[in-house]
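Below: one structure, written as structure tokens.
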Amino acid sequence: IDVGTGMTPLVKAERLGRRLGLKNLYLKNDAVNMPTLSFKDRVVSVALTRARELGFTTVSCASTGNLANSTAAIAAHAGLDCVIFIPADLEAGKVLGSLIYNPIVMAVEGNYDQVNRLCAEVADRYGWGFVNINLRPYYAEGSKTLAYEVVEQLGWQLPDQVVIPLASGSLYTKIYKGFQEFVKVGLVAEKPVTFHGAQAQGCAPIAQAFREGRDFVTPVKPNTIAKSIAIGNPADGIYALEIARKTGGQIATATDPEIIAGIKLLAETEGIFTETAGGTTIAVLKHLAEAGHLDPEAVTVAYITGNGLKTQEAVQAQVGHPLLISPKLESFEQALERARTLERLDWQEASV
Ligand SMILES: Cc1ncc(COP(=O)(O)O)c(C=O)c1O
């Protein structure tokens, strides 16, 4: 099922790179993936293609928001019936971004892990194709395209270090698998790639296990603005831990204010408006650079996995307001003077 998913831009991030002291920083920009502006379009495209082959007529998912949007949109395109399950407290943009495709939407009073448990029971009883439960192997393989494309866009070479957000850990582990496969079939020369991971501090079960040297993940109750990556009981957590350790990477965290600052930093330096998951990635990228965990000369790829227009609530109070003027030159000039003074004050505060 092809709705134009994939081959999103790999952007050389000169300005952000200078701010962070990284000379070869690239951003894989899935904030503009099609059709629903997140990397989830990749995994759903594969899962629903297989669902159709297997004869499913109703497809479904347990979602933190982006997966719901992708499943609803791509099911609509394929003419499949669709029922999606989300936590009831998701951002308005994520809810509307599913409803518009007219699936049945179940808003569950509970967190993602409770939604997921309910869906396992529904999948058993109804025999529907759940993209991330009974179709999960196909769904997961879809993330490998984020590895394949980066290799191709770098001129058929592997990056040296990557930074990837983790919820269930599937994306992170499958990008690793994608690089390995290209080496195995001889499309790219082998070299070590360091895998760094990013979690929100308010939901960081994998980062916690990493920090404590554990090889098992203890589930947590999520409490963060980064709702798309708020999975307290991550299915692929142990595999992610293994990859971080074997490649010499870190799995680090960002607080909610740091996530907001990360969203703004990326927007102001590169013109990319990402959602909270991307804010987490940028905040962790900054931490890792400051702590000396990143080689400043090396080819670094940060994966931007979702679009900021879907999580406007997160930054609404942090971006100021437009200057309201009357349609007169004088009004414009007064406002311009005010804006410039404000800008100078901001600048002065920042440089103190
Ligand atoms: C925007 C975004 N980035 C990253 C992730 C993490 O994906 P995974 O569950 O494969 O770790 C998600 C998951 O929902 C997401 O929505």
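Counting starts at 1 for both ligands and their atoms, following the listed order. Heads up: numbering here begins at 1 and tracks the sequence. Nothing here was measured: the structure is a model prediction, and the numbers come from that model.
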May I ask you to list the atoms of ligand 1 that are less than 4.0 angstrom from any heavy atom of Lys40? 7 (O), 12 (C), 13 (C), 14 (O), 16 (O)

Tell me which part of Leu67 gets within contact of ligand 1: side chain, backbone, both or neither, using heavy atoms under 4.0 Å. neither

What atoms in ligand 1 come closer than 4.0 Å to a heavy atom of Ile229? 4 (C), 5 (C), 6 (C), 12 (C)

With sequence neighbours left out, write down each residue that passes salt bridge (charged side-chain N to carboxylate O under 4.0 Å, His left out) with Glu330, or none if nothing qualifies. none

Numbered atoms and elements of ligand 1 in range of Glu275, under 4.0 angstrom, heavy atoms: 1 (C)

Would you mind checking if Glu53 and Arg50 are paired as a salt bridge, meaning a charged N to carboxylate O distance below 4.0 Å? yes

Would Gly169 count as a polar contact of ligand 1, with the cut-off being nitrogen or oxygen pairs under 3.5 Å? yes

List every atom of ligand 1 that sits less than 4.0 Å from any heavy atom of Thr64, numbering the atoms from 1 in the order shown and giving each element. 14 (O)

Using modelled atom types only, decide if a donor and an acceptor are shared between the side chain of Glu275 and the backbone of Ala277 within a distance under 3.5 Å. yes

Looking only at protein heavy atoms, identify the closest one to atom 2 (C) of ligand 1 and say how far it is in Å. Thr305 OG1, 3.4 Å

Output yes when Glu290 and Lys286 qualify as a salt bridge under the 4.0 Å nitrogen-oxygen rule, no when they do not. yes

Show which atoms of ligand 1 fall inside a sub-4.0 Å distance from at least one heavy-atom site of Pro165. 4 (C)

Is a salt bridge present between Asp215 and Arg245, judged by a nitrogen-to-oxygen distance below 4.0 Å? no

Between Gly306 and ligand 1, does any nitrogen or oxygen pair lie at a separation below 3.5 Å? no

Determine, for Glu268 against Arg15, whether the closest basic-nitrogen to carboxylate-oxygen distance falls under 4.0 angstrom. no

Can Ser38 be said to touch ligand 1, with heavy atoms closer than 4.0 Å? no

Which ligand 1 atoms, with their elements, are less than 4.0 angstrom from a heavy-atom of Ala277? 1 (C), 2 (C), 3 (N)

Does only the side chain of Phe39 get under 4.0 Å from ligand 1, or the backbone, or both, or neither? Count heavy atoms. side chain

For ligand 1, which part of Ser170 has a heavy atom less than 4.0 Å away: the side chain, the backbone, both, or neither? both

The protein heavy atom nearest to atom 9 (O) of ligand 1 is Ser168 OG, 2.7 Å

Excluding sequence neighbours, so at least two apart, what forms ring-ring contact (aromatic ring centres under 6.0 Å, His included) with Tyr176? Phe195

Among non-hydrogen protein atoms, atom 10 (O) of ligand 1 lies closest to Leu171 N, 2.9 Å

Tell me, with the steps shown, if Thr300 and Gln161 meet side-chain hydrogen bond (donor to acceptor under 3.5 Å, both in side chains). CA-CA 5 Å; Thr300 307; Gln161 44 199 13; 2.9 Å; yes

Answer yes when Glu149 and Arg42 have at least one side-chain N-carboxylate O distance shorter than 4.0 Å, and no when they do not. yes

Nearest to atom 16 (O) of ligand 1, what protein heavy atom do you find, and at what distance? Asn66 ND2, 2.9 Å

Does the cation-pi check pass for Arg214 over Phe216, that is, NZ or CZ under 6.0 Å from the six-membered ring centre and within 45° of its axis? yes

